[in-house]
Amino acid sequence: MIKDNIERVKERIRASCSKTGSNPERISIVCVTKGQPIESISELAGLGYKDIGENKVQEALFKFNQISGLKWHMIGHLQTNKVKEAVKVFDLIHSVDSLNLAEEINKQALKVNKVQEILIEVKTSPEETKFGVSPVDLEEISTEAAKLGNLKVKGLMTIAPLAENIEETRKYFALTRKLRDKINPGWLLSMGMSDDFEVAIEEGADIIRIGRAIFNG
Ligand SMILES: *Cc1c(COP(=O)(O)O)cnc(C)c1O
């Protein structure tokens, strides 16, 4: 059941926060509802969880049109030809992985008179399959993105590679925090999923993106 599963997630959040002495209330949970029906989203909303994460623009738009009052997060790779629809739906785009994409978001946000909040996705691991800006290019890209008037950079996102030993994910989260501290200490960090969010919280995550732990228990 969603309610029990999310209580267990919160218990795990409290346990990791108590390790570092941080306040569990500062962690936001984005409930990742990709592949889930609208009823699951209504159930989450009824329990007070209103931050919804989707990884496909079409699926998000379909759901967005059926339920109001929620905060929508784009967490998947975003193609430039989907940006026009994306700016209509999403409150926060976590997956901005190039200056070209940032410029297109700025352009489409201007058209609908919106300041679009974004995170820059950082590619912290060498895996070929991962998207994201290389740590070497991050400072320059964030400086350029900050000049765009209809864009607001709120922080960084990263996805750690699958690891047999969860401790192996720590270095990717720690690197993301280090980059954030260097470039803009006021930025938020979106990092940690069902298997690795405890480590991410210990390394300073503000936003965790949770799917399976909510729906599969
Ligand atoms: C699916 C997904 C998640 C949630 O993953 P779970 O392992 O189901 O918690 C988080 N972030 C991104 C980018 C995803 O695609």
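In what follows, every heavy atom counts, from backbone to side chain, and hydrogens, waters and symmetry copies are set aside. In each ligand, atom 1 is the first atom listed, and ligand 1 is the first ligand listed. No experiment lies behind these values; they were computed from the predicted model shown. For reference, positions follow the sequence shown, starting with 1.
Contact check on Lys152 versus Glu117 returns no salt bridge, with no Lys/Arg side-chain nitrogen under 4.0 Å from an Asp/Glu carboxylate oxygen. We find that Arg212 and Asp195 are joined by a salt bridge, their nearest charged nitrogen and carboxylate oxygen being less than 4.0 Å apart.
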Report all side-chain donor-acceptor pairs from residues 31-41 shorter than 3.5 Å, counting only partners two or more places apart or in another chain.
{"from": "Thr33", "atom 1": "OG1", "to": "Gly53", "atom 2": "O", "distance (Å)": "3.4"}
{"from": "Thr33", "atom 1": "OG1", "to": "Glu54", "atom 2": "OE2", "distance (Å)": "2.5"}

Return a table of donor-acceptor pairs under 3.5 angstrom between the side chains of residues 7-19 and protein atoms on other chains or two or more places apart.
{"from": "Arg8", "atom 1": "NH2", "to": "Asn5", "atom 2": "OD1", "distance (Å)": "2.7"}
{"from": "Glu11", "atom 1": "OE1", "to": "Arg14", "atom 2": "NE", "distance (Å)": "3.4"}
{"from": "Glu11", "atom 1": "OE1", "to": "Arg14", "atom 2": "NH2", "distance (Å)": "2.9"}
{"from": "Arg12", "atom 1": "NE", "to": "Glu198", "atom 2": "OE2", "distance (Å)": "2.8"}
{"from": "Arg12", "atom 1": "NH2", "to": "Ser194", "atom 2": "O", "distance (Å)": "2.9"}
{"from": "Arg12", "atom 1": "NH2", "to": "Glu198", "atom 2": "OE1", "distance (Å)": "3.0"}
{"from": "Ser16", "atom 1": "OG", "to": "Arg12", "atom 2": "O", "distance (Å)": "2.8"}
{"from": "Ser18", "atom 1": "OG", "to": "Ala15", "atom 2": "O", "distance (Å)": "2.9"}
{"from": "Lys19", "atom 1": "NZ", "to": "Glu202", "atom 2": "OE2", "distance (Å)": "3.3"}

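Taken to the nearest 0.5 Å, the NE2 atom of His94 stands 13.5 Å off from the CE atom of Met191.
Evaluation of the side-chain contact (heavy atoms from CB on, under 4.5 Å) rule for Leu148 yields Ala102, Glu103, Asn106, Leu151 as partners, not counting sequence neighbours.
For ligand 1, residues of the protein lying within 4.0 angstrom by heavy-atom distance are Val32, Lys34, Ile75, Ile159, Met193, Ser194, Arg209, Ile210, Gly211, Arg212.
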